[in-house]
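Atoms considered below: every heavy atom in the structure, side chains included; atoms not considered: hydrogens, waters and symmetry mates. Keep in mind that what you see is a predicted model, and the values were worked out from it rather than measured. Every number for a ligand or one of its atoms is a count from 1 in the order of the listing.
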Amino acid sequence: MLGRGGELMRVALGVSGGVAAYKAAELVRRLQQEKLAVQVVMTRGAQEFVAPLTFAALTGEKVITELFGEKQATANLESAIEHIAVAQRIDLLVIAPATADILAKLANGIADDFLTTLYLATKAPVIVAPAMNVNMWEHAATQKNLETLRARGVRVVQPDEGYLACGMVGPGRLAGIEAIASAVCETLGLRHDLEGMKIVVTAGPTIEDVDPVRMLTNRSSGKMGYAVADAAWRRGAHVTLVSGPTELHAPNEVDWVPVRSTEEMHVAVRERAKDADALIMAAAVADYRPAERGTQKIKRSEGRLTLELEPTADILAELGREKGVRILVGFAAETDHVAENARRKLAAKGADMIVANDVTQEGAGFDTDTNIVTFFLRDGREVALPKMPKFDVANRILDCVMELRKGVK
Ligand code: CTP
């Protein structure tokens, strides 16, 4: 999940052959609004109802229509194992519309085309939205297949009742696009609870130049801060990410402000903090910079060299002194006395919460995709989280920010 660094979550949308196949185009749009990348997979039957080109145009991606490439004769290894690659890449498989035939195949493990093979090959959660004639829907075989699929953890979005394409009335009409989209969102844990909020996040290291070729910096990769920005954006916040130099990419819609030195970060954060509802300071900021930065390279000479350093602005502490109603979250990356240091920083910086971690622990700290953190809250609570992906830590931090904002203790 994490490490996405701005990468979208991927959903495979399986379209099987039914009149409702055209509605899948609308579902593509709806899922894209949820900031999901959609890979469409069509059965042969679906292609009788809608041209793959429709989906290719909507998704900007090749639509998968066959298991073995264009023609069997030209099948190559790449297309033959594509279902495995797709299966591993996706976060969710949703089949809409799902015909009685597809449900029967899934229930029985038949894998005779790309979609059914993908179902067997993926470990991602699966949702089906059936659509068919009422008699087919009510048939004992279909109901038994649905039971089998449900027992396996497949989520079924019940069809609506109404006029069916065959002229009959009853259940069998593809569920509404909103119902399918909310099943997808719920399964992926997508929320919109930060809509209307302005959040400023800092990330990465800062760099202090010593001379034109040398610099002082630290090992921060920026992954934690980028995960926070990513998670906040997915939950609907307006996000400004003030970032020191990193290799990571932020989602396009995030207001990305690249900076280099602590002073640049200081100026950028101050400016953007004015109308922010929350500041989450995950950057590993340089506390000192060379007192003098020469324009020429420092030359080697005999004996020791002393570099005089002067303190930089403590951005978090400064904002803590003029906190107002903003929620202020700081981080503490420690190598020892984690709790002690975190509690001290909480008080010294005037933050609402400090997210502390012991960077010497396996699976925590710099350049890892996971973190092991404890929240130290101003009200005295201390919440220790188990090791989890940084993206999940980010969501827990945001949950806490929301709770603090509501004043709920
Ligand atoms: N921070 C900041 N400006 C600084 C230094 C730190 O805004 N000049 C912020 C960091 O982004 C982090 C928090 O303060 O959210 C704590 O940073 P940390 O480096 O752990 O604390 P320091 O006060 O620098 O203490 P020390 O380096 O001695 O552990």
Tell me: protein heavy atom nearest atom 16 (C) of ligand 1, and distance?
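The protein heavy atom lying closest is Phe331 O, 2.8 Å.
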Hey, which atoms in ligand 1 end up nearer than 4.0 Å to a heavy atom of Met281?
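Those qualifying, in numeric order: 7 (O), 11 (O), 12 (C), 15 (O).
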Below 4.0 Å from any atom of ligand 1, is there a heavy atom belonging to Ala348?
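False for this residue.
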Quick check on atom 8 (N) of ligand 1 - does any protein heavy atom sit closer than 4.0 Å to it?
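Under 4.0 Å from atom 8 (N) of ligand 1, at least one protein heavy atom found.
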Separation of Trp256 CH2 from Tyr226 OH (nearest 0.5 Å):
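Here the rounded value is 5.5 Å.
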Is it the case that ligand 1 has an N or O less than 3.5 angstrom from some N or O of Thr262?
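Between Thr262 and ligand 1, no N or O pair is found under 3.5 Å apart.
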Would you check whether Gly330 has a nitrogen or oxygen atom less than 3.5 angstrom from a nitrogen or oxygen atom of ligand 1?
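Looking only at distances, the answer is no, because the N/O contact criterion of under 3.5 Å is not met.
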Answer yes or no: is there an ion pair linking [X] with [Y], defined by an N-O contact shorter than 4.0 Å?
X: Arg234; Y: Asp230; result: yes
X: Asp113; Y: Arg44; result: no
X: Glu186; Y: Arg155; result: yes

Ile315, Asp287, Thr335, Leu346: member with heavy atom nearest to atom 5 (C) of ligand 1:
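Selected option, by shortest heavy-atom distance: Asp287.
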Per the salt bridge (charged side-chain N to carboxylate O under 4.0 Å, His left out) rule, what does the pair list look like for residues 203-221, sequence neighbours excluded?
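Found Asp209-Arg260, Asp211-Arg214.
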When you look at Asp399 and Arg235, which way does the salt bridge (Lys or Arg N to Asp or Glu O under 4.0 Å) test go after all the steps?
CA-CA 11 Å; Asp399 291 346; Arg235 285 167 70 166; 2.8 Å; yes
